[in-house]
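Encoded as structure tokens, the structure appears first; notes follow it.
The model shown is predicted, which means the values in this text are computed figures rather than measured ones.
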Amino acid sequence: MSIDTIAEIITSIRNADMDRKKIVRIASTNITENIVKILLREGFIESARKHKEKTKYFLVLTLRYRRNKKGTYKKVLNFKQISRPSLRIYSKYQRIPKILGGIGIVILSTSQGIMTDREARLAGIGGEILCYIW
């Protein structure tokens, strides 16, 4: 397990998505649980459940795929990590970027918890930009 939990989440979901796996298992922390709640609420993943294995907790995510007319699967999730442990990116609520004109979401870490760009604009608070999802 690495120090950068957000990069770990993004990498595991991206790898499972490229390999067309339906289920992903990630370590459960407060940050990962909050990000997974946002992904569920926004409709990027189908379901999530907490699983205990010996003394450690894991989140088991079910990824969502769209099926084309030809029967092939098309991935739904595209991630881009913005803040890293070596370079933190902060933004005021007026300058939070809109991804694809509002189709995608920005996940922020604020003083009131982890939230999306829309929620942060409504609350009038800025914070650290964690990642973009579209």
Side-chain angles (χ1 to χ4, degrees):
M1 186 153 174
S2 71
I3 296 171
D4 193 7
T5 57
I6 297 162
E8 203 169 295
I9 295 169
I10 291 172
T11 303
S12 359
I13 292 175
R14 187 182 297 137
N15 288 344
D17 195 30
M18 287 189 322
D19 202 24
R20 302 239 192 273
K21 290 189 177 182
K22 188 84 171 156
I23 295 173
V24 180
R25 193 179 92 161
I26 58 174
S28 177
T29 63
N30 288 335
I31 294 172
T32 57
E33 287 180 16
N34 290 328
I35 291 174
V36 166
K37 284 178 189 175
I38 289 173
L39 291 175
L40 267 173
R41 190 172 58 228
E42 296 290 327
F44 287 107
I45 58 176
E46 280 185 24
S47 65
R49 62 183 170 87
K50 205 170 196 178
H51 177 71
K52 184 177 181 181
E53 201 170 285
K54 295 183 182 175
T55 59
K56 294 186 178 185
Y57 284 95
F58 294 97
L59 291 172
V60 179
L61 311 177
T62 306
L63 300 180
R64 174 170 289 175
Y65 290 100
R66 286 193 302 235
R67 192 167 231 176
N68 292 341
K69 292 179 182 177
K70 296 178 182 177
T72 59
Y73 286 100
K74 186 176 181 182
K75 66 181 184 176
V76 176
L77 285 173
N78 289 310
F79 283 97
K80 182 176 182 184
Q81 183 181 8
I82 303 303
S83 284
R84 301 184 308 264
S86 61
L87 177 66
R88 305 284 185 184
I89 306 294
Y90 296 94
S91 176
K92 297 179 182 178
Y93 77 95
Q94 298 100 336
R95 296 183 181 247
I96 297 173
K98 288 189 177 182
I99 306 303
L100 294 177
I103 294 173
I105 63 170
V106 177
I107 296 182
L108 296 144
S109 176
T110 65
S111 59
Q112 296 179 2
I114 295 177
M115 58 178 66
T116 63
D117 56 341
R118 291 182 216 114
E119 295 169 348
R121 280 191 202 99
L122 286 174
I125 54 175
E128 180 185 355
I129 299 175
L130 299 177
C131 61
Y132 298 156
I133 303 172
W134 68 94

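- For K92, there are no salt bridge (Lys or Arg N to Asp or Glu O under 4.0 Å) partners, not counting sequence neighbours.
- How far CD1 of I10 is from CD1 of I107: 8.0 Å, rounded to the nearest 0.5 Å.
- Rounding to the nearest 0.5 Å gives a distance of 4.5 Å between CD1 of I26 and CG of L61.
- Listed by chain and residue number, E128 satisfy the salt bridge (Lys or Arg N to Asp or Glu O under 4.0 Å) test with R88 (two or more places apart in sequence, or in another chain).
- Checked against side chain to side chain donor-acceptor pair (under 3.5 Å), T62 has the following partners two or more places apart in sequence or in another chain: S47.
- In this structure, the side chain to side chain donor-acceptor pair (under 3.5 Å) partners of K22, at least two apart in sequence or on a different chain, are E46.
- The hydrophobic clustering, which links ILVMFWY residues whose side-chain heavy atoms are closer than 4.5 Å, places L108 and W134 together.
- With sequence neighbours excluded, no residue forms a side chain to side chain donor-acceptor pair (under 3.5 Å) with R84.
- Among pairs with a residue in residues 31-44, those fulfilling salt bridge (Lys or Arg N to Asp or Glu O under 4.0 Å) read E33-K50, R41-E119, E42-R118, at least two apart in sequence or across chains.
- Among residues two or more places apart in sequence or in another chain, the side chain to side chain contact (heavy atoms under 4.5 Å, CB included) test is passed with Y93 by I96.
- In the hydrophobic clustering, where aliphatic and aromatic side chains (Ile, Leu, Val, Met, Phe, Trp, Tyr) are joined below 4.5 Å either directly or transitively, V60 groups with I23.
- Through ILVMFWY side-chain contacts below 4.5 Å, F58 is grouped with nothing and stands alone.
- Under the side-chain hydrogen bond (donor to acceptor under 3.5 Å, both in side chains) criterion, no residue pair touches residues 95-108, with sequence neighbours excluded.
- Closest approach of L63 to A16, counting heavy atoms only: CD1-CB, 4.0 Å.
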Would L39 and I13 count as a side-chain contact (heavy atoms from CB on, under 4.5 Å) here? Give the steps. CA-CA 12 Å; L39 291 175; I13 292 175; 4.3 Å; yes

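- Side-chain contact check for I35 versus T5: every heavy-atom pair is 4.5 Å or farther apart.
- Between atom CD1 of residue I133 and atom CD1 of residue I99 there is a gap of 10.0 Å, rounded to the nearest 0.5 Å.
- Here the side chains of D117 and I105 are in contact, with some heavy-atom distance below 4.5 Å.
- Annotation: side chain of P97 is in contact with side chain of I129 (closest heavy-atom distance under 4.5 Å).
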Would you check, one step at a time, whether the test side-chain contact (heavy atoms from CB on, under 4.5 Å) holds for N15 with M18? CA-CA 5 Å; N15 288 344; M18 287 189 322; 3.9 Å; yes

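- Under the side chain to side chain donor-acceptor pair (under 3.5 Å) criterion, Q81 pairs with D4, not counting sequence neighbours.
- Taking CD1 of I31 as the reference point, atom OG of S109 lies at 7.0 Å (rounded to 0.5 Å).
- Transitive grouping of hydrophobic side chains (ILVMFWY, heavy atoms separated by less than 4.5 Å) brings I89 and Y132 into a common cluster.
- Note that OG of S12 is 10.5 Å distant from CZ of R25, once rounded to the nearest 0.5 Å.
- The local environment of CG in D19 is crowded, with over 12 non-hydrogen atoms from other residues, nucleotides or ligands closer than 6.0 Å.
- Using a 4.5 Å cut-off between side-chain heavy atoms of Ile, Leu, Val, Met, Phe, Trp and Tyr, I125 falls into a hydrophobic cluster with M115.
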